[in-house]
Amino acid sequence: MSDGLDRRELVARLVARRGAALLLAGLGSPAWDLAAAGDHPRHFYLWGGMGGAFAMGLGLALARPERRVVVLAGDGEALMGLSSLATIAAQKAANLALLVLDNAAYGETGGQPTATAAGVDLAGMAASAGFPATLRLDRAERIEDAVDVLLGAPGPILVQARVDRRPQPLVLPPKDAVLLKLRLRAALGLLSVDP
Ligand SMILES: Cc1ncc(C[n+]2csc(CCOP(=O)(O)OP(=O)(O)O)c2C)c(N)n1
Ligand SMILES: [Mg+2]
């Protein structure tokens, strides 16, 4: 399927404007997209734990309320973590934004169709949960507007972006989870090293 946005372009344009935001990527393709846009200590990649990206984003957002937190997740990842939408809405996490890169497939494992292929509406589910802003993004001309919302509008926010399934070059981020954790803590000024 070639319908949909270029996921690498979308993520690159978000990263170009992210400022001090913390970016967290769910496992698989969203992590490769974020790495392809340029690795950074304020990027955190989930190499496993499918279904946990939204919940981890909520934890980060609650722990660092002065920072914008943006989670990049596949539709499969989002569907596996649906219950987090209720918790995020209930917690009124105003600094949290979720970007779902929806290719209507479990791309990483061979392209099996997900429930969004059958019309399940993730933005509608987030709106029903109580998210003050949700957006469906399917036109390249609207990418900058969507980035404005992701980085600036009072959250929690969910942007469901329809992306295409063209294969992309594999760009792997660091895999060492301890390194990823410690460099994020250092970037936030939280790292204390015992003498
Ligand atoms: C609990 C669990 N189930 C299944 C997998 C295998 N798995 C890894 S990536 C993936 C598909 C991810 O799909 P999606 O989030 O839509 O990302 P895409 O690759 O399509 O961008 C699956 C099923 C896993 N890692 N963990
Ligand atoms: Mg997918």
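Residues: numbered from 1 along the sequence shown. When a ligand or atom number is given, it counts from 1 through the structure's own listing order.
For the Mg ion (ligand 2), the set of protein N/O/S atoms nearer than 2.8 Å consists of D75 OD1, N103 OD1, A105 O, ordered by chain and number.
Side-chain contact of D75 with Y106: a donor-acceptor pair under 3.5 Å is absent, judged by distance alone.
No side-chain heavy atom of T116 sits under 4.5 Å from any side-chain heavy atom of D121. Annotation: side chain of V71 is in contact with side chain of L96 (closest heavy-atom distance under 4.5 Å).
Between D102 and R136 there is no salt bridge, since no side-chain N of the basic residue sits under 4.0 Å from a carboxylate O of the acidic one. With respect to D3 and R165, no salt bridge is recorded, no charged nitrogen being found less than 4.0 Å from a carboxylate O.
Ring geometry for H40 versus H43: interplanar angle of 30 to 60°, hence tilted.
Summarising the local packing, CZ of R142 is surrounded by 12 or fewer heavy atoms from other residues, nucleotides or ligands at distances under 6.0 Å.
Among residue pairs with one or both ends in residues 23-33, those qualifying as salt bridge (charged side-chain N to carboxylate O under 4.0 Å, His left out) are R7-D33, R8-D33; sequence neighbours excluded. The ring-ring contact (aromatic ring centres under 6.0 Å, His included) pairs that include a residue from residues 57-85 number zero, where partners must be two or more places apart or lie in different chains.
Residues with a heavy atom under 4.0 Å from ligand 1: R7, L27, S29, P30, M50, G74, D75, G76, E77, M80, N103, A105, Y106, G107, E108, T109.
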